[in-house]
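Taking it in order: structure first as structure tokens, then the write-up.
By convention in this document, chain letters (A, B, ...) are assigned in the order of the sequence lines, proteins followed by strands, and residues within each chain are numbered from 1.
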Amino acid sequence: LEISHPSCTIRILFDSQRRGQKNRFHVNLGLGVVIISRLFSTKAFVFAIWIPISIFYVNCSDFQPNRSSTQSLDSLAQGEFNPVSSKSSRPINPREYGATISSVFGVDPDLVSEILPTDTNEIFTLDIEEGDSVLALTPFEEAAIAVSAAVLADKEKLDTALNCDEQDRQCLLNYSLRIASVLFRKKLVAADVEGLVDLALTHAEEASDFYAGVDTVINYCLLHPSFIFHWEVGSSGIEQGLSKLTNMELISRLSFFILGTAPDYELIQSVPEEDYTPEGLEKIVDGMLEDPRARKMADDFHAMWLGYQDVGVSERGRNLRTETRALVESVIFDKNEPWSQLLLREETFVNRSLAADYNLQYSGGEGFQWVPYGNTGRKGLLSHGSFLSDATAGDVTNPTQRGYAIRKALFCGELGDPPPEIDVDEELTTEDPNDCKSDVIHKTVLKPNTSCVGCHNDMDRVGFGLENFDNFGIFRETETNRPECILEGKGTLTGIGDFNGPGELADLAIISGEAEKCLVRRVVEFGFHRRISNYQSRDYADLLGYLEQSYDIDGTFKGLIKAVTLSAEFRYIKEEEE
Amino acid sequence: MKRRHFIRGLGSTLVYLPVFDFMLNSNGTAFAQSGEALPSKMLLMRNGLSIGRGRLPEDIVPNRMGRNYDLKKALLPLGTFQGLQDYVSVVSNLMIPYSPANGNGNIPAAGLKNTKFHNVMNEIQVTGMREGRSGPSADQIVRQTLDPGSNYAHLNLCVQASSYQGNDDSARGISQFDNNGNRLSATRNPRTVFRQLFSGAPSVNPEQERQRLQALAKKKSILDLIDRDETRKIAGKSKQAGVAMDQYLTEVRSLEQNIDRLMNSGEAGGQSCTVPDQPDDIAVNLNTEYSNEKLRAQVMNQMIVMAMNCNLVRFGTYRITYDQSNLNVREWTNSNMEYHELTHKSPLNENLSYLMDLYAWHMEVYGDLINRLKNIEHGAGNLLDNSAIVMTSEGGTGVSINDGRTASPHSTENMVSLIAGKAGGLTGGLHVDGNKEHPSKVLISAMKAAGVNEEKLGEVNGVIQGLF
């Protein structure tokens, strides 16, 4: 809960999951703060038992993380941070590829989506497997051909991009210099592309077609290792195994993190020789956060994190994506509200069709509009059909899978593998064929004193709390096609509290602080391209702690992104041990 | 000179140099000048699901052994092609040794013991192991043995457009492994397959041939320029960067090698061969978990067969469905389940029936491909006479490797494989008892048929004797 004041923002902590984090605040004599929790209006009895409120006395002037962003860049020598491991190379993924060709050539970002395989390194994929495949260059070759063909198919647009009076060597050189700089994320000079231009001119002459030379330039750039890989080797010599990203590497990392694409040509040209000042870097980050592409990136991030990125093929799916995208943009960009509003917003952006699905009052028109949830038991994103539809495939909801997905995604949970003697694919059955789904689960995997019950308590009881909402987010009182099976919708988040429906789940997720802790972790994973297991999180403890402090200042997503990008860990890397 | 063959309905854009009868010996079985046998073909196909659930695969395994075996429901599509059954042998009663986690005393002690059934079933079969993988897949061994200079393209295809689970390169969609056991990704996009197979292929039309060579030379010069680029120096800055750059440059040289192959090709070829038109895009639909795999299979079959006829391809893998496939089955059945769910969810009998419908579709694809090979004259016979086309499945049915439960699809008992063609002395047209041998022995049989002398794959030795 927050109280805003012109000079500071004060957040109340509930002494449960955050008990160990009191030392994040400089507690001084001074201002006494009395806080009223809006939560009393919902589940006061829960918090009376589980979450005794701690009231802190906070001096606003000292309310800051134990290291500030402006200190962090040069804090290496003072030992104020622990650098985190980083891969010095990774292939560009299809999402980055699509966004970059769209930025550079103005072609459809989905042009290559069916050529390049789904990203195997996608950090949010729940069923990620050990071991990468060998890099296959053939799809990249195919993608380059497809992109070049699309660019050459629109000569008018290409000529505008070429911006040449004459179709000559200078024209090709300027074009090569410009697109190679962006695609390679390098400040290139003419000498760097002379060889390419010579080759392109040769091909143009052989084909008696200037555009054959352009084709050469595009194919060369899109097959080049500087485009296909992110290289982050930095400048060594600081200490064994530790490197500092070069300015260009830093800008590239920033751009792909915030915008999902390569940095713009103008930004590349402006990269200085000397280190960025914290203020200079902050200005760049601020500029990127104002870029419309940052909105798409934030939307993609949440879709990948919470697992609804594949919703959207059908008309209903497109509606659901529109609804969720609008909420993300409204909270993060239009209103710059605390991120928690993403889960707690009391209204949603729907059209007539979605409003009917959700049983909401819709006041005319065919377009989308913001509509209050009212007393439907819904709040924020967790009530969206996009979120509710993903966890379970097919028509029938599965409390185990829903609970598993929510634990893994929203709470960054790590659930152990099932015991080796369990065949997890096998359908649960009981002797009574008339048993409802809940009965079957209680008689099998939730049966007391079995090896299953421990993990299934953490999963199925979460799923039970959403059972009143089908895979499209539509409210129902009984199981689909089984009117005799009444759904109570009572769920439990072990160690946190009980809930009924997505609205109360959202309350618990925010009150416990677990969703926001998970947000911080997922943003770090996304920014550093590393999946952080619970075990590995010890290596990231300093960074995560610092970012949680920073995030607590205003609780906004933009603020968190800035804190990540301005941290020392974002710039100093430790080579990953094999 | 025999009549040219065209892919029905697809037209042609290029015509290759045919193999003339006068090139062959009097029997039409080998090249007259060199005495070399006509090059054989080997393709390893894959159905990504176990073949039964809860009882023996009675809708698949014929009752009669030997020749003229009876075709059960799931194999019926093979009977729709005139005379094709004489080329197809069914090997039943195959088994991979296993040891269930709860220790069943009647089960062989050594062998597979892994809860991730779906992740390992393909790799242990194609690399010939009891558990895990440590070396190359069967197709790679054949390629390295019989085509060390990489004179032919190597197929690595998959009909199922996506894993439909977010990771298209998951272990369940991989068919090939290199010498170090690394996964080699399959191509799923039919247009990419087309370009890989045909865009650089030779033409008898002088102008088209000139353009072809020019395009290849252009691509090669681009790759040469990249290969010489200073960026490679980045490899020296960190161990990890070095590994990545080495891998990248290896891939670049592989592309260059492929270009060299295409630039120097033009003499070999089927009796006659035509290039199909480039296929239309077939959209991937992650949401519905069905991307017109029926059409994808048809298109891929046409391209594979013509590439083999044109001698552009000799070996490779061709997966129809992912292991533990998430393909939605509503296009084949009245169910809205995923293929994999049919083996686990109720109602049992209905889903078993649907499971066989899907197996039958795999047989349609398999039958269509080998029938196309059979219909192409090649030397004294047809292309299928000189081929070994294998179809394997993810698992069998019987005791679960997970929990020892009987009647489970997570079983390596009662596995069935098919092998079509008469290359290397394969008899064809038989139902053979696999006698609880490892299913990799069917692959070793295909390797032998293709011309590999050593009868070994990973830990498995020997062929299925009854096939020859």
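The candidate from Thr192(B), Asn328(B), Asn285(B) with the greatest count of non-hydrogen atom pairs under 4.5 Å with chain A is Thr192(B). Taking chain B as the reference chain and counting heavy-atom pairs below 4.5 Å, the highest number among Asp215(A), Asn219(A), Leu428(A) is found for Asp215(A). For the options Asn189(B), Leu225(B), Asn180(B), heavy-atom pairs under 4.5 Å to chain A are most numerous at Leu225(B). The residue among Asp192(A), Thr216(A), Ile228(A) with the most heavy atom pairs within less than 4.5 Å of chain B is Thr216(A).
The contact between His224(A) and chain B is made by backbone and side chain atoms together, counting heavy-atom distances below 4.5 Å. Only the side chain of Gln324(B) has a heavy atom closer than 4.5 Å to any heavy atom of chain A. Contacts between Leu249(B) and chain A at a heavy-atom distance below 4.5 Å are absent for every atom of the residue. Using a 4.5 Å cut-off between heavy atoms, Ala212(A) contacts chain B through both its backbone and its side chain. Only the side chain of Leu255(B) comes within less than 4.5 Å of a heavy atom of chain A; its backbone N, CA, C and O stay farther away. Only the side chain of Asp229(B) comes within contact range of chain A, judged by heavy atoms closer than 4.5 Å. If you measure heavy-atom distances from Tyr220(A) to chain B, the contacts under 4.5 Å come from both the backbone and the side chain. Residue contact with chain B, scored on non-hydrogen atoms closer than 4.5 Å, involves the backbone and the side chain of Leu223(A) alike. Proximity to chain A (any heavy atom under 4.5 Å) is shown, for Met337(B), by neither the backbone nor the side chain. Thr231(B) touches chain A through its side chain: at least one heavy atom from C-beta onward sits under 4.5 Å away, while N, CA, C and O do not. In this structure, no portion of Glu230(B) lies under 4.5 Å from any heavy atom of chain A.
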> Can you list the steps and then say if Glu141(A) with Lys219(B) is a salt bridge (charged side-chain N to carboxylate O under 4.0 Å, His left out)?
Replying inline: CA-CA 10 Å; Glu141(A) 184 195 15; Lys219(B) 177 54 67 71; 3.1 Å; yes
> Can you check salt bridge (charged side-chain N to carboxylate O under 4.0 Å, His left out) on Arg95(A) and Asp300(A), steps first, answer last?
Replying inline: CA-CA 9 Å; Arg95(A) 178 174 43 78; Asp300(A) 286 349; 5.4 Å; no
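In summary, the side chains of His230(A) and His529(A) do not present any donor paired with an acceptor at a separation below 3.5 Å, with no hydrogens or angles considered. In this structure, a donor-acceptor pair under 3.5 Å is present between the side chains of Ser226(A) and Lys186(A). Asp435(A) and Thr430(A) share a side-chain donor-acceptor pair at under 3.5 Å. For the residue pair Glu338(B)/Asn326(B), the side-chain donor-acceptor check at 3.5 Å is satisfied. A donor-acceptor contact under 3.5 angstrom links the side chains of Ser291(B) and Tyr164(B), judged on distance only.
Counting heavy-atom neighbours within 6.0 Å of Asp432(A) CG, excluding the residue itself, gives a total above 12.
A salt bridge links Arg210(B) with Glu207(B); the closest basic N to acidic carboxylate O contact falls under 4.0 Å. Between Asp178(B) and Arg183(B) no salt bridge is recorded (no basic side-chain N to carboxylate O distance below 4.0 Å).
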